[in-house]
Structures are given as C-alpha cells and as structure tokens.
Amino acid sequence: MKVLQYTNKGSRDENQDYMSWSSLSDASSIFVVADGMGGYSFGDIAAKVVTEAVIEFAEQNIGKCTPVELLKEALIYGNDCLMLKKIALSAKQMGCVIVVLLIIGDEAYLTWLGDSRIYLFRDHTEVYRTEDHSVINQLSKINTLRAEDLEKYAAIVTKSIMGEDNIDEATIRKVRIEPGDVFILCSDGFYKDLPIKEAYGYEGSLKDVIDAYSDKMTDNYTFIKVEV
C-alpha cells in the first residue's frame with residue numbers, strides 16, 4: 001500500500017483542513033480527512049480533535065467489534081471529544097465535516113458526514129464517489145436546483161459533527177478491493193476548484209505543481225491518496 005498526503009491553505013488566511021492515517025495492524029489501516037466548519041469558532045481545532053479521536057478509537061478497538069460498529073462508535077467518540085473541547089474553549093459552536101476510509105484485508109469501509117468526498121478509481125477510471133450531504137445535492141435530486149441556488153447554498157451541509165448531544169447518522173458503504181485500486185479522500189476545497197484527476201495522478205515530485213494553484217484556490221484544499 002502506498003499513501004500520499006497533501007494539504008494547502010489556498011487563498012484562505014489559515015488551514016482548517018486536517019488529515020491523518022494510521023496502520024492498525026498488518027492487514028488494516030484507517031484514513032481520515034476533516035474540514036472545519038466555516039463561520040464557526042476554531043474550525044482548525046475541531047477538524048484536528050475529531051480526526052485524532054476517530055483514529056485513536058480505531059487503534060484501541062480494531063478487532064473488538066464489526067467494522068461497521070467500529071466506524072459508528074468512532075464517530076460518536078469523535079463527537080464526544082469535540083463536545084469536551086467546546087466546553088474547554090467556551091465556544092458556542094464548533095464543527096467539521098469528515099470522510100473516513102477503513103481498509104481491512106480486501107475490504108474497504110467508507111463513512112462520511114458532509115461534503116468532503118471519497119473517490120474510488122479502478123483501472124484508471126472513477127467507479128465510485130460518495131454522495132454529498134449538502135443542500136445543493138438535495139435540491140439537485142428533486143430537480144429544483146436553480147443557478148442562483150449554487151451561490152446561496154454552496155457552503156451549507158446537511159450532516160456534520162458538531163459536538164452536540166445528538167450526532168447525525170453517518171452513511172457507511174462497503175466495497176470489495178481489487179489490486180491496483182486507488183482511493184482519494186479530499187475536502188471540498190479540492191474537488192470544487194481542481195479536477196479530481198490531479199489528485200489521482202499525484203506523486204510527491206508533483207507537490208510544486210499543486211502548490212502553484214494556491215493563490216487561485218478559493219478554499220483550503222487537502223487530499224489523501226491511497227494506492228492499494
């Protein structure tokens with residue numbers, strides 16, 4: 001398995017994206033990208049706290065429950081940790097959207113809340129991507145999306161982690177992995193301004209190429225590329 005990571009603040013003053021991954025055993029790994037909620041307090045801290053909590057939970061509980069239960073409980077734990085951080089910082093609202101990829105042997109489990117995405121490429125072709133939890137996506141599904149809605153609702157998500165008593169129910173998908181599969185986890189700042197193929201074709205030697213987009217990017221842009 002080969003893992004490549006990239007993050008950049010783009011044209012923003014600070015980077016509120018956070019990414020991390022961990023090898024849980026010889027046959028399992030977990031990958032996370034989180035994006036702090038714009039307009040709320042401490043978005044960078046929210047993304048970091050939740051990401052690290054999800055990975056910590058997975059590290060401590062891998063093999064103790066089913067993969068689906070592990071992901072559900074990891075997100076709940078991440079939400080609880082964010083709740084405690086909100087109290088410590090006396091913050092009224094903190095939150096993030098998140099994507100999580102759990103690989104166990106030849107199976108992948110994907111979960112997410114919000115509009116960050118996971119893409120799956122097979123034989124150099126995009127064969128799957130997660131469905132955004134967003135107002136724009138909901139309007140498009142019922143054929144009521146208008147041009148003026150794109151700007152008005154572009155940043156509004158329908159699911160996230162907010163450190164509140166009730167956590168939104170996350171979608172979980174199971175995918176059978178084939179040799180050569182490539183997963184891309186990315187924040188919305190990446191896919192909204194750049195073709196996802198830029199991440200698919202990324203190698204460490206191309207960092208300067210992706211960096212060069214920085215001034216033109218409207219948001220932080222972050223991705224993890226996992227080559228199986």
Side-chain angles (χ1 to χ4, degrees), residues 5-12 14-20 31-51 54 71 74-75 78-79 82 93-101 109-121 126 128-164 167-173 175 183-200 213 217-226:
Q5 301 178 90
Y6 179 90
T7 189
N8 194 305
K9 68 182 181 65
S11 60
R12 297 294 180 90
E14 63 178 1
N15 194 343
Q16 295 193 345
D17 289 351
Y18 193 82
M19 62 183 177
S20 188
F31 308 85
V32 183
V33 170
D35 181 356
M37 300 282 284
Y40 295 156
S41 304
F42 308 110
D44 56 334
I45 296 176
K48 185 175 188 292
V49 166
V50 173
T51 296
V54 167
L71 288 177
L75 291 177
N79 183 70
L82 183 58
Q93 288 184 308
M94 291 176 66
C96 67
V97 298
I98 190 170
V99 287
V100 183
L101 169 65
Y109 297 82
L110 294 65
T111 191
W112 68 100
L113 291 165
D115 60 355
S116 292
R117 290 179 180 175
I118 303 176
Y119 293 79
L120 170 58
F121 285 84
E126 179 189 322
Y128 177 80
R129 76 179 184 195
T130 53
E131 182 178 341
D132 300 344
H133 298 138
S134 66
V135 171
I136 290 294
N137 188 48
Q138 287 189 341
L139 292 176
S140 65
K141 289 169 69 174
I142 58 176
N143 297 318
T144 59
L145 182 62
R146 300 169 299 177
E148 57 265 31
D149 293 332
L150 291 173
E151 181 175 356
K152 183 177 181 181
Y153 299 115
I156 302 178
V157 296
T158 55
K159 291 187 178 185
S160 59
I161 294 182
M162 297 293 294
E164 298 178 346
I167 183 173
D168 290 329
E169 183 176 356
T171 308
I172 298 179
R173 294 283 183 267
V175 177
F183 292 92
I184 305 292
L185 297 79
C186 67
S187 59
D188 68 322
F190 190 92
Y191 69 77
K192 286 181 177 178
D193 282 348
L194 290 175
I196 198 61
K197 284 282 190 177
E198 293 276 6
Y200 173 74
Y213 294 118
M217 300 295 283
T218 58
D219 199 354
N220 312 144
Y221 56 115
T222 298
F223 67 85
I224 300 177
K225 175 184 176 183
V226 183

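Since this is a predicted model, take the numbers as computed values, not measurements. Computation of the quantities below employed the complete heavy-atom set of this structure, encompassing side-chain atoms and omitting hydrogens, waters and symmetry-equivalent molecules.
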(message) Can you confirm whether or not the ring centre of Tyr191 sits under 6.0 Å from the ring centre of Phe223?
(response) no

(message) As a quick check of understanding, evaluate side chain to side chain contact (heavy atoms under 4.5 Å, CB included) for Leu75 and Ile98, giving each step before the final call.
(response) CA-CA 9 Å; Leu75 291 177; Ile98 190 170; 4.2 Å; yes

(message) Donor-acceptor pair, distance only, cut-off 3.5 Å: does the side chain of Arg117 make one with the backbone of Glu131?
(response) no

(request) Keeping the roles fixed (side chain from Asp35, backbone from Val97), state whether a donor-acceptor pair exists under 3.5 Å. (result) no

(request) Report yes if the side chains of Thr51 and Met19 come closer than 4.5 Å at any heavy-atom pair, otherwise no. (result) no

(request) Enter the distance from Leu120:CG to Arg129:CZ here, rounded to the nearest 0.5 Å. (result) 13.0 Å

(request) Considering non-hydrogen atoms only, spot the tightest contact between Leu113 and Glu169 and give its length. (result) CD2-O, 3.8 Å

(message) What's the separation between atom CD1 in Ile224 and atom CZ in Phe183, rounded to the nearest 0.5 Å?
(response) 13.0 Å

(request) Using a 4.5 Å cut-off on heavy atoms from C-beta on, say whether the side chain of Ile196 contacts that of Phe121. (result) yes

(request) For Lys159, check salt bridge (Lys or Arg N to Asp or Glu O under 4.0 Å) against everything at least two apart and list the hits. (result) none

(message) Is any side-chain heavy atom of Tyr221 closer than 4.5 Å to one of Lys192?
(response) no

(request) Check whether any side-chain heavy atom of Asp193 sits under 4.5 Å from a side-chain heavy atom of Tyr213, and report yes or no. (result) no

(message) Treating Lys9 as the side-chain partner and Glu14 as the backbone partner, does any N or O pair qualify as donor plus acceptor under 3.5 Å?
(response) no

(request) Test Asn15 against every option in Asp44, Asp219, Asn8, Thr7 by the side chain to side chain donor-acceptor pair (under 3.5 Å) rule and name the one that passes. (result) Thr7

(request) Return the minimal non-hydrogen interatomic distance between Ala47 and Gly36, and the atom names on each side. (result) CB-N, 3.8 Å

(request) Could you grab the distance from atom OG of Ser160 to atom NE2 of His133, nearest 0.5 Å is fine? (result) 11.0 Å

(message) Let me confirm one number: the CG-OG distance from Leu185 to Ser116, rounded to the nearest 0.5 Å.
(response) 9.0 Å

(message) Less than 4.5 Å apart, side chain to side chain, heavy atoms only: is that true for Glu198 and Phe190?
(response) yes

(request) Decide yes or no for Met94 and Tyr40: does some side-chain heavy atom of the first lie under 4.5 Å from some side-chain heavy atom of the second? (result) no

(message) Measuring only between side-chain heavy atoms, which start at C-beta, is Asp17 closer than 4.5 Å to Val33?
(response) no

(request) Kindly say whether Thr171 contributes a backbone atom to a donor-acceptor pair with the side chain of Thr111 at under 3.5 angstrom? (result) yes

(message) I need the Met37 CE to Ile161 CD1 distance, nearest 0.5 Å.
(response) 10.5 Å

(request) Might you point out which heavy atoms bring Gly95 and Ala46 nearest each other, and give the distance in Å? (result) O-CB, 3.5 Å

(request) To the nearest 0.5 angstrom, please state how far the CG atom of Asp115 sits from the CG atom of Asp188. (result) 4.5 Å

(message) To check you understand the geometry: which heavy-atom pair defines the closest contact between Leu82 and Gly163, and what is its length?
(response) CD2-N, 3.6 Å

